[in-house]
Amino acid sequence: MSEPRHKSIDEQLAYIHKGAAEIIPETELRAKLEQSAKSGKPLRVYLGVDPTAPDLHLGHTVVLRKLKHFQDMGHTAIFLIGDFSAMIGDPTGQSETRPPLSREQVDANAQTYLAQVYKILDPEKTEVRYNSEWLGKMSSYDVVRLCGHYRLARMLEREDFRSRLEKNLPISVHELLYPLLTACDAVELKSDVELGATEQKFNILVHREIQREYGLSPQVVFTMPILVGLDGAKKMSKSLGNYVGINEPPKDMFGKLMSISDDLMWSYYELLTDFAPPVIVRLKEEVRTGVLHPMDAKMQLAHTIIANFHGEAAARSARDEFQRVFRDRQSPEDAPVRKLPRGAPKRLSALLVELNLAPSRAEAERLIKQGGVEIDGQRVDDVKHEIDLSRPGSRFLLRAGKKKFLRIIVD
RNA sequence: GGACGGGUGGGUGAGUGGCUAAAACCAGCAGACUGUAAAUCUGCCGCUCCUUGCGGGCUACGGAGGUUCGAAUCCUCCCCCGUCCA
């Protein structure tokens with residue numbers, strides 16, 4: 001471990017502050033930073049995740065990026081994989097007990113998870129832990145003791161529980177255990193700061209209190225806002241389909257990012273880029289006064305985010321491609337290629353389903369009828385249209401809807 | 001354990017024997033307009049077959065049986081959720 005080059009406390013705080021939703025208590029963070037500077041002992045900062053959704057999207061990166069900020073300043077970033085707590089599942093309103101993940105599943109998930117996380121964090125400097133390490137060893141006696149440290153009334157203060165009680169929705173007892181068990185992580189890790197999205201605030205606060213119960217110096221609660229998804233309304237999530245995956249091809253990322261609303265772009269600037277706050281303010285002002293076209297601001301945003309994950313060159317080519325296809329209305333240069341076996345003519349609608357461009361024949365036909373399908377730039381709205389698959393080597397460009405292109409080659 | 005209320009399409013939620021593939025709203029999709037933005041307008045929105053027609057078939061209102069020419073709607077049993085009482 002090389003000696004970290006500490007910035008001044010004020011500089012650190014300013015850097016850390018960007019995008020933060022809440023820091024509780026703020027004064028304690030400063031005190032801890034000062035203490036750390038004095039003793040040369042880095043702060044222990046952790047982020048806990050359930051390894052249940054191994055495909056990361058930009059929403060996950062908000063908090064990861066914050067963890068990286070701490071790491072960049074020489075503090076210890078701890079990435080905690082909640083392999084044990086995942087089987088309880090964080091209360092979500094429809095919570096069910098999930099079957100425990102097998103060791104193999106956990107390992108596999110953790111590997112794909114980490115591979116993605118390391119696109120942001122420095123693998124050399126990241127401490128990775130699994131909470132089955134200690135939670136798996138607890139006896140029921142330990143659990144009872146743990147529960148003794150917290151009151152039901154406090155537990156029911158949680159917004160999610162309260163609203164479910166009000167709405168007469170079910171709350172399972174095991175859900176109450178989630179914040180308590182994960183508190184053991186904070187105790188075990190002796191963390192100074194715990195990061196999380198705002199929806200984790202309650203849990204992290206419980207962790208803080210339990211740490212105190214166990215005689216530790218309580219951690220600082222550090223929350224980041226939830227990233228709003230592409231629809232501009234709901235939280236970014238895979239199930240809502242309003243997400244940008246960090247492993248997606250640069251071109252897809254570009255298209256998706258360009259489709260966000262102008263208003264939303266600013267929170268993306270704040271939460272997904274390292275642009276300094278004053279720079280963002282200036283951009284915003286330029287757009288407001290008409291000096292900068294909002295689309296150009298958005299392109300810069302998309303470019304910056306993509307460069308983070310795929311590098312500068314890929315970002316640039318995604319941008320060029322975007323302009324070619326959507327501004328200049330030319331066909332995409334490198335649409336994904338699909339080979340089809342030679343054979344009898346096939347209905348276009350059947351082909352769309354076969355190629356996963358439509359979920360069902362009915363929808364494929366609808367798409368065609370409504371003029372959403374093009375072959376080599378020509379709209380095809382005849383439901384009965386058949387595709388000739390008899391000549392080997394023949395090729396055409398198929399477009400289904402706004403964004404989906406496939407280059408078809410007959411084998 | 002008892003009393004009562006409830007379980008409808010991706011979501012909210014109408015519907016109490018046929019006119020209901022099931023109102024309405026939201027979400028979603030396509031087209032127009034654009035900056036592949038937002039807003040707006042138009043259309044679509046269970047699956048499937050073909051002769052693409054206000055066409056045929058199949059599946060669908062927690063589950064399983066039953067009554068009926070006909071059931072999301074009535075009956076029986078079961079499962080699940082909530083409230084109150086203990």
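Within every chain, numbering begins at 1; the chains are lettered A, B, ... in the order of the sequence lines, protein sequences first and strands thereafter. The basis for the numbers below is simple: all heavy atoms, side chains too, and nothing from hydrogens, waters or symmetry mates.
Within the structure, the ring-ring contact (aromatic ring centres under 6.0 Å, His included) test picks out the following pairs touching residues 213-237 of chain A (sequence neighbours left out): A/Phe70-A/Phe222, A/His149-A/Tyr214. Residue pairs meeting the ring-ring contact (aromatic ring centres under 6.0 Å, His included) criterion with at least one partner in residues 256-289 of chain A, sequence neighbours excluded, are A/Trp266-A/Tyr269, A/Tyr269-A/Phe275. For residues 371-411 of chain A, no pair satisfies ring-ring contact (aromatic ring centres under 6.0 Å, His included), with sequence neighbours left out. Within the structure, ring-ring contact (aromatic ring centres under 6.0 Å, His included) pairs that include any residue of residues 279-315 of chain A do not occur (at least two apart or interchain).
In this structure, A/Asp231 atom CG and B/rC29 atom P are separated by 10 Å, rounded to whole Å. In this structure, A/Glu365 atom CD and B/rG46 atom C1' are separated by 14 Å, rounded to whole Å. Between the P atom of B/rA27 and the CG atom of A/Asn242 lies a distance of 13 Å, rounded to the nearest Å. Between the C1' atom of B/rA30 and the CD1 atom of A/Ile368 lies a distance of 12 Å, rounded to the nearest Å. Summarising the geometry, the separation between NZ on A/Lys234 and C1' on B/rG28 is reported as 10 Å, rounded to the nearest angstrom. In this structure, CG of A/Asp263 is placed 11 Å from C1' of B/rA39, rounded to the nearest angstrom. For the pair A/Lys369 NZ and B/rU52 P, the interatomic distance rounds to 11 Å; values are reported in whole Å. A straight line from CZ of A/Arg164 to P of B/rC81 spans 13 Å, rounded to a whole angstrom.
Nucleotides B/rC26 and B/rC45 place their C1' atoms 13 Å apart, quoted to the nearest Å. Distance check on atom P: B/rG9 versus B/rG62 gives 8 Å, rounded to whole Å. Comparing the P positions of B/rA71 and B/rC81 gives a spacing of 30 Å, expressed to the nearest Å. One P atom belongs to B/rU36, the other to B/rA30, and the distance between them is 15 Å to the nearest Å. Going from the P atom of B/rU73 to that of B/rG56 covers 25 Å, rounded to whole Å.
Listed nucleotides: B/rA27, B/rC49, B/rG82. Nearest to the side chain of A/Pro170: B/rG82.
Under the 30°/60° scheme for interplanar angles, the aromatic rings of A/Phe202 and A/Phe161 are found to stand perpendicular.
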Contact letters for nucleotides 31-37 of chain B, in which S counts primed atoms plus P, OP1 and OP2 and B counts the base, heavy atoms under 4.0 Å: SS--BBB
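In this structure B/rC19 sits in no base pair that meets the Watson-Crick or G-U test at under 3.5 Å.
Each of A/Glu363 and A/Leu367 has a nearest nucleotide on RNA chain B; the 5'-most of these lies closest to A/Leu367.
The pair A/Arg316-A/Asp320 does not meet the salt-bridge criterion, since no charged nitrogen lies less than 4.0 angstrom from a carboxylate oxygen.
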List, one per line, each side-chain donor-acceptor pair under 3.5 Å for residues 369-377 of chain A, sequence neighbours excluded.
from, atom 1, to, atom 2, distance (Å)
A/Asp376, OD1, A/Leu397, N, 2.8

